[in-house]
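Okay, so here's the structure we're looking at.
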Amino acid sequence: MASITFQTRALLEAIEEPALLVGDQRITAANRSAHELLGAGIEGSDIRLAIRHPDALEHILAGNPGKIVMVGLGGAERPWELSIRPLADGLQLLRLIDRSAARAAERMRVDFVANASHELRTPLATIIGYAETLSEPGEIDADTRTRFGSTIHTEARRMLRIVEDLMSLSRIEADRFVAPLDRVSLQEIARIAAENGRSLAEARGCRIMVEAEADLAPIAGDFGQLLQLTDNLVANAIRYGCGASACDVTILAQRDGDSASLTVRDTGEGIAPDHLPRLTERFYRIDAARSRDAGGTGLGLAIVKHVLLRHGGHLDVQSEIGRGSTFSAVLPVERVVAQSDEVAAAA
Ligand code: ADP
C-alpha cells in the first residue's frame with residue numbers, strides 16, 4: 001500500500017466531513033470522521049467492503065470523477081453525497097457530504113406548501129359552495145341570503161389573514177441576515193400593542209396592563225416587526241388566556257443585564273408541557289377549531305420566532321395549566337446596538 005506524507009494526512013484531517021484516499025482499490029488513508037462513520041479498521045481495506053453502493057463503486061473503480069447521491073451509510077435513510085476527485089499517482093480523494101439537513105429542509109418546504117394549500121382550500125371550498133347556491137336561479141329568502149353572504153365574508157377574511165401572515169413570514173425570512181437598525185423604545189412598543197389589543201380585550205371582558213421600566217434604553221431593532229411580534233403575543237393572550245372568567249393580560253418591557261425583553265403574561269388556562277416545543281411551528285395549533293373561531297391563522301408564533309431569529313433573540317415560554325402563560329421575547333441589547341452603531345459609523 002502506498003504510504004502518504006505527514007502533510008497529506010494533516011490535510012485529510014483538516015477536512016471536516018468523512019474523507020478517504022483511495023489507490024489500487026484500497027483505502028490508503030482515512031480521516032477521523034471517516035473512521036467514525038465506516039469503522040476503525042478501514043485503512044488498508046478494500047474500498048468495495050467499505051462502500052457497497054454499486055453506482056459509487058463503478059465510478060471509483062473506473063477512476064471517474066463525479067458526485068453520487070447515496071443512502072444507507074451510518075443509518076438506513078441517511079442521505080450522502082459522495083464526491084470523487086482524482087489526485088496524482090492514481091490516488092483518488094473521496095469525501096462524504098451529509099445531506100440530512102438539506103433533505104430535512106426540503107421536506108419542511110414541501111410540507112409547508114401542502115399545509116398552506118390545505119389551510120386556504122378549506123375556506124375557499126366553503127366560499128365556492130355558498131356562492132354557487134346564491135347564483136343559482138330560484139328564490140332565496142332574505143335570511144338565507146344574509147347568512148350565506150356573511151359566511152362568504154367571514155371565510156374570505158380568513159383567507160386574507162392567512163395570505164397576509166404568509167407574506168409577513170416570507171418578508172421577515174427574506175430580511176433574516178439584514179441587521180435591524182431602528183432605535184426602538186420597548187416602552188413604546190408595549191404601549192402601542194396594549195392600545196392595539198384594547199377592543200379585542202374589551203370584547204372578552206379582559207384587562208390589558210403595561211409595566212415598563214422607566215429608564216429603559218432604546219435597542220436596535222425593526223420597529224414594525226417588534227410591534228407585530230408583541231401584537232401577536234397579546235392577541236394570543238386574549239384569545240387563549242381569557243376564557244369564561246375575566247382575566248388580566250400584562251405586557252412587560254424590561255432590561256436584564258445584556259438582554260432586554262418584551263413579555264406578555266396571561267392568567268388563562270395555560271398550555272400542557274408536551275405542546276410547548278411545537279408552538280412556533282407553522283400551522284401548529286392545540287385546538288384548530290378554537291384557533292379558527294378566534295380568528296387565528298396558526299402562523300402567529302412562527303412570525304414571532306422568525307422576528308426573534310432576525311434580531312438574534314429567542315422566545316422563552318413558561319406555562320402552567322390552570323394558572324396561565326408567560327411568553328418572553330428576549331433580545332440581546334449589546335450585540336444589536338453595537339452592530340447598528342458600527343453600520344452607522346461606516347455609512
Ligand atoms: P393561532 O393563530 O392559532 O393563534 P399561533 O401560532 O399564534 O397560532 O399559536 C399557536 C397555538 O398556540 C394556538 O393555536 C394556541 O393553541 C396556542 N397558544 C398560543 N398562545 C397561547 C396562550 N397565551 N395561552 C394558551 N395557548 C396559547
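When a ligand or atom number is given, it counts from 1 through the structure's own listing order. Just so it is clear, the values below take in all heavy atoms, side chains as well, and ignore hydrogens, waters and symmetry mates.
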Taking only residues two or more places apart in sequence, or in another chain, which ones meet His153 in a side-chain contact (heavy atoms from CB on, under 4.5 Å)? Arg157
Residues forming a salt bridge (charged side-chain N to carboxylate O under 4.0 Å, His left out) with Glu106, sequence neighbours excluded: Arg109
Please tabulate, for side-chain N and O atoms in residues 297-307, each donor-acceptor pair with protein atoms closer than 3.5 Å (sequence neighbours left out).
unit_1, atom_1, unit_2, atom_2, d
Thr297, OG1, Asp165, OD2, 2.7
Thr297, OG1, Leu299, N, 3.1
His306, NE2, Arg282, NH2, 3.4

Thinking salt bridges, do [X] and [Y] make one under a 4.0 Å N-O criterion?
X      : Y      : answer
Glu43  : Arg9   : yes
Arg265 : Glu320 : no
Glu164 : Arg161 : no

Ligand 1: protein residues within heavy-atom distance under 4.0 Å: Asn236, Ala237, Arg239, Tyr240, Asp266, Ile271, Leu279, Tyr284, Arg285, Ile286, Ser291, Gly296, Thr297, Gly298, Leu299, Gly300, Leu301, Ser325, Phe327
